[in-house]
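Have a look at the structure below, then the notes.
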Amino acid sequence: GAVVSQHPSRVICKSGTSVKIECRSLDFQATTMFWYRQFPKQSLMLMATSNEGSKATYEQGVEKDKFLINHASLTLSTLTVTSAHPEDSSFYICSASEFTGELFFGEGSRLTVL
Amino acid sequence: AQSVTQPDIHITVSEGASLELRCNYSYGATPYLFWYVQSPGQGLQLLLKYFSGDTLVQGIKGFEAEFKRSQSSFNLRKPSVHWSDAAEYFCAVGEVAGNKLTFGGGTRVLVKP
């Protein structure tokens, strides 16, 4: 089946630095990818919809200047957490849909900000 | 706006016993419904989905779910659980295939030997 890969799977950074997380569709093209955030022992909350070649659409309450999303190609979307702070520590998961409409999720990226 | 409710936060079940996880959704039209499983620190694995047709859906790992429009429910069942079924289970609803999903709060399943 189709595979969505995220990198890195774990990242630890100091407060104030920026961190980039990649989401790749390995064997299919994805015009749309989705970024979710999951706090410990909680559900997934949609952060934004990433569209190839255009600006991302952010959900209400998500700071677009804090969470920069770039979808430069049909197989890659990136999420950059700028000037990260401890409250940004979370599990970030992306998903992508192939032409059949089926959604595939990445393995997730755990961000810890010290 | 669509929403999903999973009334049970935790469920403990003995190995070999049956399991049922509840999911209720709120959506104006016919929804696209999903059940995902997540092991600790891992991503999501799709168990099954419902788009249309037969309301009883078979999934992987011996799971099945039944769509009941009158009750706005999509409950997940397994006749006999295995220790490896211990995980977090999420019900989700989408507007169209391949689109963003709204997730329920999740149900954590613990399996007793």
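A note on names: the letters A, B, ... follow the listed sequences, proteins ahead of strands, and every chain is numbered from 1.
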Starting at CG of L103(A), measure out to CG of L101(B) and round the result to the nearest 0.5 Å. 5.0 Å
Mind checking what makes salt bridge (Lys or Arg N to Asp or Glu O under 4.0 Å) contact with R10(A), not counting sequence neighbours? none
To the nearest 0.5 Å, atom CD of Q42(B) lies from atom OG of S9(A) at 9.0 Å
Toward chain B, the part of Q6(A) with a non-hydrogen atom under 4.5 Å: neither
Just checking heavy atoms, which of residues 106-114 of chain A are less than 4.5 Å from chain B? G106(A), E107(A), R110(A)
Got more than 12 heavy atoms from elsewhere within 6.0 Å of NZ, K64(A)? no
Are V57(B) and F34(B) grouped together when hydrophobic residues (ILVMFWY) are joined by side-chain heavy atoms under 4.5 angstrom apart? no
Is there any residue in residues 102-113 of chain B with a non-hydrogen atom under 4.5 Å from a non-hydrogen atom of chain A, and which ones are they? F103(B), G104(B), G105(B), R108(B)
At under 4.5 Å between heavy atoms, what parts of residues 41-59 of chain A are in contact with chain B? List them by residue number. K41(A), Q42(A), S43(A), L44(A), L46(A), T49(A), E59(A)
Please determine whether residues F67(B) and I60(B) belong to a single hydrophobic cluster, defined as Ile, Leu, Val, Met, Phe, Trp and Tyr linked transitively by side-chain heavy-atom distances below 4.5 Å. yes
Please flag which part of L46(B) lies under 4.5 Å from any non-hydrogen atom of chain A: side chain, backbone, both or neither. side chain
Can you confirm whether H7(A) is buried at NE2, in the sense that more than 12 heavy atoms of other residues, nucleotides or ligands lie under 6.0 Å from that atom? no
Taking a hydrophobic cluster as the set of Ile, Leu, Val, Met, Phe, Trp and Tyr residues connected by side-chain heavy atoms closer than 4.5 Å, whether directly or through intermediates, do F90(B) and I93(A) fall within one such cluster? yes
Quick one: do Y89(B) and V13(B) end up in the same hydrophobic cluster if we chain Ile, Leu, Val, Met, Phe, Trp and Tyr together by side-chain heavy atoms under 4.5 Å apart? yes
Grouping I, L, V, M, F, W and Y whenever their side-chain heavy atoms are under 4.5 Å apart, do V81(A) and I69(A) come out in a common cluster? yes
Side chains of Q38(B) and F91(A) in contact at under 4.5 Å (non-hydrogen atoms): yes
Could you check if a side-chain atom of N99(B) sits within less than 4.5 angstrom of a side-chain atom of F34(A), using non-hydrogen atoms only? yes
